[in-house]
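Fair warning: this is a prediction, and the values are worked out from it, not measured in the lab.
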Amino acid sequence: MNPVRVVVVGGGFAAVQFAKTLRSKLRASECDILLFSRENHMVFHPLLADVAGASINADAAAAPLRQMVPGVECRTERVQRIDLSSSEIEFDDGNGALTRLHYDHVVVACGAESNLGIIPGMTDHAFAFKVMRDAIELRQQIVRQMESAEAATDPNLRRWHLSFIIVGAGFSGVEVAGEINELVRSSTRFYRNFRKEDVVVSLVHSQDQILPEVAPKLREFARKKMEKAGITMLLNTRAVAATHEGVELNDGRMLTGATVVCTIGTAISPIVQALDVPKERGRIRTTPEMRIEGQTNAWAIGDCAYIINAFDNKPAAPTGQFAERQGRQAALNVVRILKAEPTQPFRFKALGQLCSIGGYQAVAEMLGVHISGFVAWLLWRGVYLFKLPTWSRRIKVGLDWSWDVLFPRDLSFLNTDTTQHATHAYYRAGDFIHRQGELARVFSIIEEGQVEVLQNSPTADTQVVGLLGKGDFFGEGALLGNRPHETSIRARSAVRLRQVGSALFSQIASSFTPFRELLVRAVTRGSGDFWRRLPISKAMLEGESIASFLDPLPAQLLTKETTFADAINALNESPTGTLLVLDEKQRLWGTLDRGDLYQIIARIAVTSAETRGDITHLKLSDLLIPNSIYVALEDSALVASAAMLDHAITWLPVVKSKADPRPVGLIRGEKISKRMIERMAQSQPPRAQVAS
């Protein structure tokens with residue numbers, strides 16, 4: 001008789017405990033267990049802050065799955081889909097091919113993922129704190145900033161390097177704030193150019209108290225101790241954006257700092273999202289025995305599951321102690337099913353909560369007893385030491401902790417060359433991306449939003465001389481010429497950029513000839529060359545308002561929901577062949593002219609017939625790329641002319657203001673050209689008559 005095949009998707013507390021329990025109850029001849037996890041180790045999450053704070057080594061908090069679950073086949077291929085109807089999983093075999101595997105029972109235990117995207121700019125400028133890689137990268141960043149602060153001659157820049165911002169004051173936020181504070185302040189004795197007083201660690205939390213999971217008395221104790229240690233608490237305060245400078249708060253303040261750690265925001269795993277099963281707030285609903293509702297051989301445990309705890313009839317908390325018990329109970333229920341015995345509902349009473357706050361201090365709530373201070377810290381370390389999955393890890397962590405008490409923390413780090421990297425960046429409206437005269441460090445491509453090109457004038461204030469939008473790029477001229485920037489770039493709206501470091505840019509430009517030729521053409525394109533050849537035109541347009549050139553809005557305005565067929569009819573009826581597309585709030589979303597039709601048709605041509613369906617019923621939101629180039633009434637005609645020259649277009653939408661992108665009209669290149677010619681003719685002196 002073939003053994004029963006059980007597939008476990010995930011490698012956290014719930015998955016590992018399920019596999020260990022099931023293997024202990026069933027022999028290999030009875031049950032074949034396969035555990036799929038992208039990482040070949042299990043991370044002990046309560047110790048991530050210690051890794052970031054350099055009080056333990058990274059390998060001590062990560063246990064190899066193969067050693068933890070002997071007798072279980074561990075696989076690192078990525079599971080792409082679970083087909084509940086055919087009892088099969090589909091996974092990438094590592095060579096680009098998808099392989100299907102049949103199962104008798106499947107256990108979904110893939111947990112949750114970090115989702116920094118809930119706050120603009122966090123994905124680009126903040127460190128997540130979910131997996132081992134996050135903790136290692138954060139530790140590298142902390143030491144790197146101390147080294148940068150040591151080399152900085154500007155006191156403000158030095159303070160920026162030594163400012164650390166943690167968003168979220170739950171367990172993870174409080175623990176990592178305490179560890180960062182302890183690491184940096186205890187290490188100042190090894191540096192000459194800064195002191196403890198220069199270090200700023202800020203904890204931003206949207207509620208009026210930190211650690212909402214523990215009793216009010218313990219919250220207050222933790223707050224006072226952390227403030228005494230030098231940590232600044234910003235309570236009832238939300239982070240609304242993150243940039244390269246720091247974090248913008250909901251009251252308009254800018255909290256500056258080189259390091260931002262975001263401990264809030266989670267996302268459901270794509271595997272869970274793809275499952276067509278009942279869900280509650282994105283988590284899989286289960287029966288009391290932890291089978292997925294409506295399924296007989298599919299189970300869900302851990303953070304991705306919505307399980308009602310029979311102890312209090314409340315949803316089980318997404319914590320490690322609940323995940324472990326769910327894994328054990330689900331495994332026992334599978335054994336009961338195979339032996340034709342009745343299953344048992346999940347039932348567990350929480351044992352308590354533990355949280356380290358730094359400086360050999362902690363808070364603990366165990367079986368209703370509240371403990372704080374050094375005793376709680378000893379309890380915290382003792383409990384988590386013996387909760388580690390293997391004796392080898394317990395010994396390693398115990399030795400690391402002993403070393404930490406007796407000796408300074410390790411300050412070594414790997415200094416990587418940032419000029420070799422490609423990264424993302426986010427800027428708020430009004431932020432300078434670079435300033436005229438600064439050294440070029442990156443090549444930037446606009447993924448979203450609009451920027452202004454500014455130039456300093458010896459006779460006037462800084463002027464806007466161009467606009468760039470989605471798909472445009474900048475910085476190539478300074479990098480190719482190995483010179484400082486000749487213009488400043490400022491975000492006109494919220495902007496997302498893809499940035500390539502100068503060294504990586506040089507490698508690509510030198511080895512990929514078509515790319516270099518494109519960049520060379522871009523350097524000599526458009527308005528810059530035009531104004532050099534005809535400076536009188538620039539002087540004429542600087543003082544001209546856009547309002548004096550404004551054409552009315554087209555008689556018919558389209559929306560994102562307009563069908564392709566209706567858009568074609570509207571273009572045929574338009575005397576100018578230019579139309580505007582609005583969003584649901586009547587803001588400018590895109591533009592459409594007859595030239596766009598060819599691009600749309602080309603895009604449709606490369607789409608399969610099954611995907612595109614009836615093209616006449618496709619919506620403009622499915623066909624058009626949103627247009628991000630427009631001018632506002634407060635702009636000058638010079639800005640509009642530069643934008644049209646740089647993008648080789650003959651017209652632009654005009655919106656009410658930079659902050660209010662509701663369209664008010666159009667501006668056309670031929671109208672500006674006519675005005676320029678008239679002014680130039682008026683400025684020419686009369687020709688002298690030739691005597692006969």
Side-chain angles (χ1 to χ4, degrees), residues 47-58 60 125-127 129 134-167 173-204 225-234 242-247 254-262 356-361 377 400-421 439 441 501:
L47 298 183
L48 281 183
D50 288 65
V51 173
S55 62
I56 64 173
N57 291 314
H125 299 285
F127 288 84
F129 203 67
D134 298 334
I136 295 172
E137 290 177 351
L138 178 57
R139 178 184 175 278
Q140 297 283 316
Q141 167 73 1
I142 295 167
V143 181
R144 184 183 298 111
Q145 294 310 312
M146 286 194 285
E147 296 294 337
S148 298
E150 178 74 358
T153 56
D154 183 348
N156 293 325
L157 180 60
R158 185 184 304 123
R159 186 177 179 85
W160 179 77
H161 284 301
L162 294 173
S163 295
F164 304 86
I165 304 166
I166 296 87
V167 179
V174 166
E175 290 182 343
V176 76
E179 284 295 320
I180 291 174
N181 191 60
E182 185 71 17
L183 170 61
V184 181
R185 292 186 189 277
S186 66
S187 300
T188 53
R189 58 192 169 118
F190 299 108
Y191 295 89
R192 299 182 58 185
N193 289 339
F194 62 87
R195 300 171 298 171
K196 291 182 179 180
E197 293 75 19
D198 298 318
V199 179
V200 180
V201 178
S202 304
L203 193 56
V204 179
K225 283 292 183 181
M226 295 182 78
E227 287 181 335
K228 185 177 180 180
I231 297 175
T232 302
M233 299 283 178
L234 289 90
T243 74
H244 67 295
E245 294 180 354
V247 169
M254 189 68 190
L255 193 63
T256 60
T259 306
V260 179
V261 185
C262 186
S356 171
I357 60 176
Y360 305 111
Q361 301 286 315
W377 178 79
D400 282 349
W401 276 341
S402 300
W403 184 274
D404 178 48
V405 172
L406 299 173
F407 300 100
R409 301 191 183 193
D410 185 12
L411 295 179
S412 62
F413 80 107
L414 299 176
N415 192 3
T416 56
D417 184 3
T418 57
T419 64
Q420 290 279 4
H421 296 166
L439 291 176
R441 300 181 184 277

Trainee: Taking all heavy atoms of Y191 and all of E150, pick out the closest pair and write down the distance.
Mentor: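 Smallest heavy-atom distance, with atoms named: CB-OE1, 3.2 Å.
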Trainee: From S55 OG over to E179 CD, what is the distance, rounded to the nearest 0.5 angstrom?
Mentor: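 Between atom OG of S55 and atom CD of E179 there are 4.5 Å.
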Trainee: After noting the C-alpha distance and the side-chain angles of S202 and L255, does the key distance pass the side-chain contact (heavy atoms from CB on, under 4.5 Å) rule?
Mentor: CA-CA 9 Å; S202 304; L255 193 63; 3.9 Å; yes
Trainee: Taking atom types as modelled, is there a side-chain donor on Y360 or E182 under 3.5 Å from an acceptor on the other?
Mentor: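 The answer is no; no qualifying pair exists.
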Trainee: Answer with yes or no whether the side chains of T256 and E245 bring together a donor and an acceptor at under 3.5 Å.
Mentor: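 The criterion, which ignores hydrogens and geometry beyond distance, is not satisfied for T256 and E245.
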Trainee: Look at the side chain of R185 and the backbone N and O of G230, then say whether any donor-acceptor pair between them is shorter than 3.5 Å.
Mentor: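 Checking the backbone N and O of G230 against the side chain of R185, a donor-acceptor pair under 3.5 Å is found.
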Trainee: Consider side-chain hydrogen bond (donor to acceptor under 3.5 Å, both in side chains). Of E147, Q140, Q141, which one does R144 pass it with?
Mentor: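 Output: one option passes, namely Q141.
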Trainee: Are the charged groups of E197 and R159 less than 4.0 angstrom apart, N to O?
Mentor: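 Not counted as a salt bridge, because no side-chain N and carboxylate O are separated by less than 4.0 Å.
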Trainee: Main chain of S356, side chain of W377: is a donor-acceptor contact present, judged purely on distance under 3.5 Å?
Mentor: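 No, W377 side chain to S356 backbone: no donor-acceptor pair under 3.5 Å.
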Trainee: Would you find a donor on one side and an acceptor on the other, under 3.5 Å apart, between the side chain of Q145 and the backbone of A258?
Mentor: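 Flag not set: sc Q145 to bb A258 has no pair under 3.5 Å.
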Trainee: Checking V204 against V247 for the side-chain contact (heavy atoms from CB on, under 4.5 Å) test, could you report, in this order, the C-alpha distance in whole Å, the side-chain angles of both residues, the deciding distance, and whether it holds?
Mentor: CA-CA 10 Å; V204 179; V247 169; 5.6 Å; no
Trainee: Cut-off 3.5 Å, no hydrogens considered: what does the side-chain donor-acceptor table look like for residues 151-158, sequence neighbours left out?
Mentor:
from	atom 1	to	atom 2	distance (Å)
D154	OD1	N156	N	3.0
R158	NE	N193	O	3.3
R158	NH2	A152	O	3.0

Trainee: So, the side chain of N181 versus the backbone of A229: is there a donor-acceptor pair under 3.5 Å, distance only?
Mentor: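 Yes, N181 side chain to A229 backbone: donor-acceptor pair under 3.5 Å.
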Trainee: Of V200, D198, V201, which meets side chain to side chain contact (heavy atoms under 4.5 Å, CB included) against L162?
Mentor: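 Only one of V200, D198, V201 forms a side chain to side chain contact (heavy atoms under 4.5 Å, CB included) with L162, namely D198.
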Trainee: Are more than 12 heavy atoms from other residues, nucleotides or ligands located less than 6.0 Å from atom CH2 of W401?
Mentor: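 Yes, because the 6.0 Å sphere around CH2 of W401 holds more than 12 heavy atoms from other groups.
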Trainee: Just verifying a value: how many Å separate S187 OG and F194 CZ, rounded to the nearest 0.5 Å?
Mentor: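 Taking OG in S187 and CZ in F194, the distance rounds to 8.0 Å.
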Trainee: From the options D400, V51, D50, select the one residue that forms a side chain to side chain contact (heavy atoms under 4.5 Å, CB included) with N57.
Mentor: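 Result for side chain to side chain contact (heavy atoms under 4.5 Å, CB included) with N57: D400.
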Trainee: So, taking the atom named NE2 in H244 and the one named CH2 in W160, what distance separates them when rounded to the nearest 0.5 Å?
Mentor: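 H244 NE2 to W160 CH2: 7.5 Å, rounded to 0.5 Å.
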Trainee: Would you indicate whether the side-chain heavy atoms of R189 and P408 approach each other to under 4.5 Å?
Mentor: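 Contact flag for P408/R189 side chains = yes.
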Trainee: Do L234 and L203 make a side-chain contact, defined as non-hydrogen atoms from C-beta onward lying under 4.5 Å apart?
Mentor: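 The answer is no; the side chains never approach within 4.5 Å.
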Trainee: Any non-hydrogen side-chain atom of R139 less than 4.5 Å from a side-chain atom of D410?
Mentor: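 Touching, per the 4.5 Å side-chain cut-off.
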Trainee: Do the side chains of D134 and L48 get nearer than 4.5 Å, heavy atoms only?
Mentor: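 L48 does not reach D134 side chain to side chain.
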Trainee: Look only at the side chain of R195 and the backbone of T188, and say whether a donor-acceptor pair between them is shorter than 3.5 Å.
Mentor: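 Checking the backbone N and O of T188 against the side chain of R195, no donor-acceptor pair under 3.5 Å is found.
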Trainee: Going through the distances and angles, do M226 and I357 end up as a side-chain contact (heavy atoms from CB on, under 4.5 Å)?
Mentor: CA-CA 7 Å; M226 295 182 78; I357 60 176; 4.0 Å; yes
Trainee: Which heavy atom of G257 sits nearest to which heavy atom of I165, and what is that distance?
Mentor: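 Closest heavy-atom pair between G257 and I165: N-CD1, 4.0 Å.
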Trainee: Calculate, to the nearest 0.5 Å, the distance between atoms NE2 and CD1 belonging to H161 and I142 respectively.
Mentor: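 Interatomic distance, H161 NE2 to I142 CD1, rounded to 0.5 Å: 15.0 Å.
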Trainee: Between F190 and L411, is a side-chain contact (heavy atoms from CB on, under 4.5 Å) present by the stated rule, with each step listed?
Mentor: CA-CA 10 Å; F190 299 108; L411 295 179; 3.9 Å; yes
Trainee: Would you say the side-chain atoms of T259 pair up with the backbone N or O of F164, donor to acceptor, closer than 3.5 Å?
Mentor: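 No, T259 side chain to F164 backbone: no donor-acceptor pair under 3.5 Å.
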